[in-house]
K.L.:
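My questions will all concern the structure given below.
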Amino acid sequence: MKISGAQGIIECLLEQGVDTVFGYPGGRILPLYDAIYEGKIRHILTVHEQGAIHAADGYARASGKVGVCIATSGPGATNLVTGLANAYLDSVPLVVITGQVSTDLIGADAFQEVDITGITMPITKHNFLVKDAATLPEIMRFAFRIASSGRPGPVLIDIPSDIQTNLFTFTKEEDQEKNKPKLQWELSELGSSLIDKAVAVLESAKQPVMIVGGGVVSSGAYEQVVALAEKMNAPVVSTLMGLGSFSSEHPLFLGLTGMHGHKRANLAVHGADVVIAIGSRFNDRVTGNKFKYAEGKSLIHIDVDPAELDKNVSTHIPLAGDVKQLVTTLHERMKPLNPCPWWKVIQEWKQEFAAKPDGNDLSATWMLRQVAERTKGKPFIFATDVGQHQMWAAQNLHIESPRSWITSGGLGTMGFGLPAAIGAQVAMPTKRVIAIVGDGGIKMTGCELFTAASQGLPLITIIVDNSSLGMVRQLQQLFYKQRYSESLLPVPMDFVCFAKAFGIEGTLTTTQEEFLAAFSAAVESNCPRVIIVKIPTEQIVTPMLKPNSPLDTFMDI
């Protein structure tokens with residue numbers, strides 16, 4: 001059967017189980033949009049291409065599926081670059097389809113021509129420029145395999161407009177080929193001996209700590225990790241990306257580690273004699289001074305990507321491979337351990353550094369603790385933007401299950417939160433998504449509220465308004481002699497009117513009572529809502545590590 005390249009793209013997407021894509025049309029991608037008109041796949045039209053790729057990212061993180069977004073050539077494609085880098089650094093599986101000028105015009109500086117494969121090569125797992133319609137199915141199928149296998153990541157497919165219209169003979173993927181079992185990862189003799197070595201080290205540890213990272217989420221190894229931690233009877237801490245892979249309600253869980261991590265969690269990592277890190281790449285926000293991070297301890301590092309082992313921190317026992325299978329094997333070979341002797345010290349830290357009661361004024365920490373209590377044990381997903389509110393959320397929310405915490409970790413992308421929340425809400429319609437954003441980041445992609453309204457998504461957006469670029473201002477306060485260069489936002493924005501422009505009800509809250517009433521009303525409604533939380537500009541995120549210092553060195557602020 002002969003079909004057009006555009007129809008072939010649709011058929012390949014359906015083969016891969018794709019039912020929803022995000023995008024924005026333009027001239028060089030119109031043949032594909034004409035095929036989308038048939039209605040076989042749901043298309044979510046966003047306000048901007050950056051919104052489309054962040055939404056596809058949020059969709060992938062919440063669902064565990066490959067997210068798909070579409071844009072036209074030239075500026076449409078370049079508007080995806082930040083989202084590609086964001087997904088690449090956070091290992092999120094995406095397939096991104098861009099239009100391109102016709103093959104006879106490539107290299108001629110045609111209207112809206114740009115070498116998007118060259119531009120995105122450093123920030124994709126792989127990318128393709130399709131030169132023959134007959135190769136489209138093979139490329140599409142390969143792209144999905146690349147995006148979702150090993151360490152996940154984004155793949156871009158650039159498709160000239162004439163390739164989308166050219167006819168070719170389409171052959172459906174054979175069922176036996178599509179359902180062919182994936183090659184099982186096999187443990188090598190060296191890997192087996194390293195696991196035995198890791199078991200011996202863990203069984204002799206007096207002060208062990210487990211660190212869970214984003215790799216636990218992407219590998220789906222949550223149950224195996226919990227089982228291993230329980231067998232070790234050891235405390236568990238999480239990186240920013242790992243939140244939710246180990247329930248915040250579990251008695252072994254100490255909280256967030258890193259620059260703005262909980263003191264009890266950072267002190268536990270610093271004082272450990274054995275650290276087993278699973279699916280974490282030890283970036284600078286996690287380690288503080290990376291040269292002192294592993295001093296006085298044995299470090300076991302498990303990751304699917306061999307390139308991450310010994311990259312940032314020297315590892316004593318590196319284990320590269322399928323995270324779920326490695327953790328399962330470790331669990332099988334370990335004997336159950338008694339609670340480690342230093343739990344008494346840890347309990348003292350938990351009491352000493354317990355959250356202090358908030359006063360009667362509306363603050364970000366009080367607000368987030370109220371949100372945490374009112375969503376505890378319920379099907380909520382939290383998505384954040386980047387800044388102070390992100391750290392307050394990580395510290396104070398109860399992230400109880402995997403894929404219920406969506407944030408930009410590696411790239412730290414302002415403007416990520418709202419469109420990512422939209423993607424998550426589309427992916428998980430039976431859950432309620434709460435987007436927590438700042439008054440700086442919301443201005444970057446806030447027009448995506450139109451997308452939430454037009455799609456009728458029951459998204460709750462909480463805007464933490466402190467009249468400043470909060471984290472920038474905090475750094476200027478601490479390190480730049482309070483010279484607040486371009487970080488203060490003295491002209492107030494009426495976010496209530498902004499939300500109303502999209503047909504969304506917004507509520508300004510300045511007191512604790514007002515927030516509780518607004519939040520209850522938002523949860524009870526089945527419509528998109530916006531809540532503005534007005535807090536003092538001076539509120540800062542604590543604790544905070546001293547720059548380039550060990551994990552026990554906190555700033556006195």
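Note that the numbering runs from 1 along the sequence shown for the chain.
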K.L.:
Do the side-chain N and O atoms of Ser73 and Gln100 include a donor-acceptor pair separated by under 3.5 angstrom?
P.N.:
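Ser73 vs Gln100: no donor-acceptor pair found between side chains.
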K.L.:
Tell me the closest heavy-atom pair linking Ala265 and Leu256, and the distance in Å.
P.N.:
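Heavy atoms of Ala265 and Leu256 come nearest at CB-O, 3.2 Å.
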K.L.:
For residues Asp439 and Ser467, is any side-chain donor paired with an opposing acceptor at under 3.5 Å?
P.N.:
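Judged by distance alone, the side chains do not pair up.
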K.L.:
Can you tell me how far apart OG (Ser149) and CZ (Phe142) are? Round to the nearest 0.5 Å.
P.N.:
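Result: 8.0 Å between the selected atoms.
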K.L.:
Counting C-beta onward and ignoring hydrogens, is there a side-chain heavy-atom pair between Gln112 and Pro75 closer than 4.5 Å?
P.N.:
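Yes, side chains in contact.
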K.L.:
Can you name the nearest heavy-atom pair linking Ile97 to Ile9, along with the distance?
P.N.:
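Looking at all heavy atoms of both residues, the shortest contact is CD1-CG2, 4.0 Å.
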K.L.:
Please work out which of the three classes, parallel, tilted or perpendicular, describes the rings of Tyr59 and Phe22, given edges at 30° and 60°.
P.N.:
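Judged by the thresholds at 30° and 60°, the geometry between Phe22 and Tyr59 is perpendicular.
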K.L.:
Does NZ or CZ of Arg473 come closer than 6.0 Å to the centre of the six-membered ring of Tyr484, within 45° of the ring's axis?
P.N.:
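Yes, Arg473 and Tyr484 form such a contact.
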K.L.:
Ignoring hydrogens and angles, tell me if any N or O in the side chain of Gln16 forms a donor-acceptor pair with the backbone of Glu11 under 3.5 Å.
P.N.:
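Between the backbone of Glu11 and the side chain of Gln16 there is no qualifying donor-acceptor contact (under 3.5 Å).
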K.L.:
Of all the heavy-atom pairs spanning Gly440 and Leu469, show the shortest one and how long it is.
P.N.:
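Nearest heavy atoms, Gly440 then Leu469: CA-CD2, 3.8 Å.
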K.L.:
Atom OG1 in Thr120, atom NE2 in His126: separation rounded to 0.5 Å?
P.N.:
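If I round to the nearest 0.5 Å, the distance is 10.5 Å.
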K.L.:
Let me confirm one number: the OG1-CG distance from Thr384 to Leu243, rounded to the nearest 0.5 Å.
P.N.:
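Answer rounded to 0.5 Å: 10.0 Å.
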K.L.:
Can you pull out every salt bridge (charged side-chain N to carboxylate O under 4.0 Å, His left out) where at least one residue sits in residues 370-398? Sequence neighbours excluded, please.
P.N.:
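Only Glu249-Lys376 qualify under salt bridge (charged side-chain N to carboxylate O under 4.0 Å, His left out).
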K.L.:
Hey, could you give me the CH2/NE2 distance between Trp392 and His260, rounded to the nearest 0.5 Å?
P.N.:
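Reported to 0.5 Å precision, the distance equals 10.0 Å.
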K.L.:
Without swapping roles, check the side chain of Thr72 against the backbone of Arg28 for a donor-acceptor pair under 3.5 Å.
P.N.:
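Confirmed, Thr72 side chain pairs with Arg28 backbone.
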K.L.:
Between Asp90 and Arg61, does any side-chain N to carboxylate O distance fall below 4.0 Å?
P.N.:
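Looking at Asp90 and Arg61, the cut-off is met.
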K.L.:
Which heavy-atom pair separates Ile163 from Leu136 by the least distance, and what is that distance?
P.N.:
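Smallest interatomic distance, heavy atoms only, reads CG2-CD1, 4.2 Å.
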K.L.:
May I ask you to check whether Thr20 and Arg42 show a side-chain donor-acceptor distance below 3.5 Å?
P.N.:
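There is no such pair between these side chains.
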K.L.:
Can Thr542 and Ile540 be said to form a side chain to side chain contact (heavy atoms under 4.5 Å, CB included), step by step?
P.N.:
CA-CA 6 Å; Thr542 60; Ile540 62 176; 4.3 Å; yes
K.L.:
For Gly242, is there any backbone N or O sitting under 3.5 Å from a side-chain donor or acceptor partner on Thr239?
P.N.:
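Here the side-chain-to-backbone pair exists.
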K.L.:
Closer than 4.0 angstrom, basic N to acidic O: yes or no for Arg141 and Glu15?
P.N.:
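Looking at Glu15 together with Arg141, the answer is yes, because their closest N to O distance falls below 4.0 Å.
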K.L.:
Which salt bridge (charged side-chain N to carboxylate O under 4.0 Å, His left out) pairs, counting each pair once, include a residue from residues 446-465, with sequence neighbours left out?
P.N.:
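For residues 446-465: Asp465-Lys534.
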K.L.:
Using modelled atom types only, decide if a donor and an acceptor are shared between the side chain of Thr46 and the backbone of His48 within a distance under 3.5 Å.
P.N.:
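Answer holds: yes.
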K.L.:
In Å, rounded to the nearest 0.5 Å, how long is the span from CD of Gln224 to CD1 of Ile278?
P.N.:
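Rounded to the nearest 0.5 Å, the CD-CD1 separation comes out at 10.5 Å.
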K.L.:
Please name the residue in the list Thr117, Asp158, Thr78, Asn127 that meets the side-chain hydrogen bond (donor to acceptor under 3.5 Å, both in side chains) test with Thr98.
P.N.:
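When Thr117, Asp158, Thr78, Asn127 are each tested with Thr98, the side-chain hydrogen bond (donor to acceptor under 3.5 Å, both in side chains) holds only for Asp158.
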K.L.:
Show the nearest heavy-atom pair for residues Gln395 and Pro543, with the distance to one decimal.
P.N.:
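In this case the closest contact between Gln395 and Pro543 is NE2-CD, 3.9 Å.
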K.L.:
Would you tell me whether Glu514 and Thr510 have side-chain atoms, one donor and one acceptor, within less than 3.5 Å of each other?
P.N.:
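A donor-acceptor contact under 3.5 Å links the two side chains.
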K.L.:
Assess whether salt bridge (charged side-chain N to carboxylate O under 4.0 Å, His left out) is satisfied between Glu505 and Lys500, documenting all intermediate values.
P.N.:
CA-CA 6 Å; Glu505 183 177 337; Lys500 188 176 180 180; over 6 Å; no
K.L.:
Evaluate His262 against Thr257 for side chain to side chain contact (heavy atoms under 4.5 Å, CB included), listing each step before the verdict.
P.N.:
CA-CA 6 Å; His262 297 97; Thr257 184; over 6 Å; no
K.L.:
Whether the Asn466 and Thr537 side chains hold a donor-acceptor pair (N or O, under 3.5 Å, no angle test) is what I'd like checked.
P.N.:
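Distance-only check fails for Asn466 and Thr537.
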K.L.:
Enumerate the ring-ring contact (aromatic ring centres under 6.0 Å, His included) contacts for residues 495-543, please, sequence neighbours excluded, ordered by first and then second residue.
P.N.:
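Checked against ring-ring contact (aromatic ring centres under 6.0 Å, His included) - neighbours excluded - the pairs reaching residues 495-543 are Phe498-Phe502, Phe515-Phe519.
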K.L.:
Starting at OG of Ser248, measure out to CG of Asn396 and round the result to the nearest 0.5 Å.
P.N.:
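So the OG of Ser248 and the CG of Asn396 are separated by 11.0 Å.
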K.L.:
So, for Gly67 and Ala60, which heavy atoms are closest and what is the spacing to 0.1 Å?
P.N.:
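Minimum heavy-atom separation between Gly67 and Ala60: N-CB, 3.7 Å.
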K.L.:
Can you tell whether the side chains of Lys324 and Glu223 come within less than 4.0 Å, N to carboxylate O?
P.N.:
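Salt bridge absent between Lys324 and Glu223.
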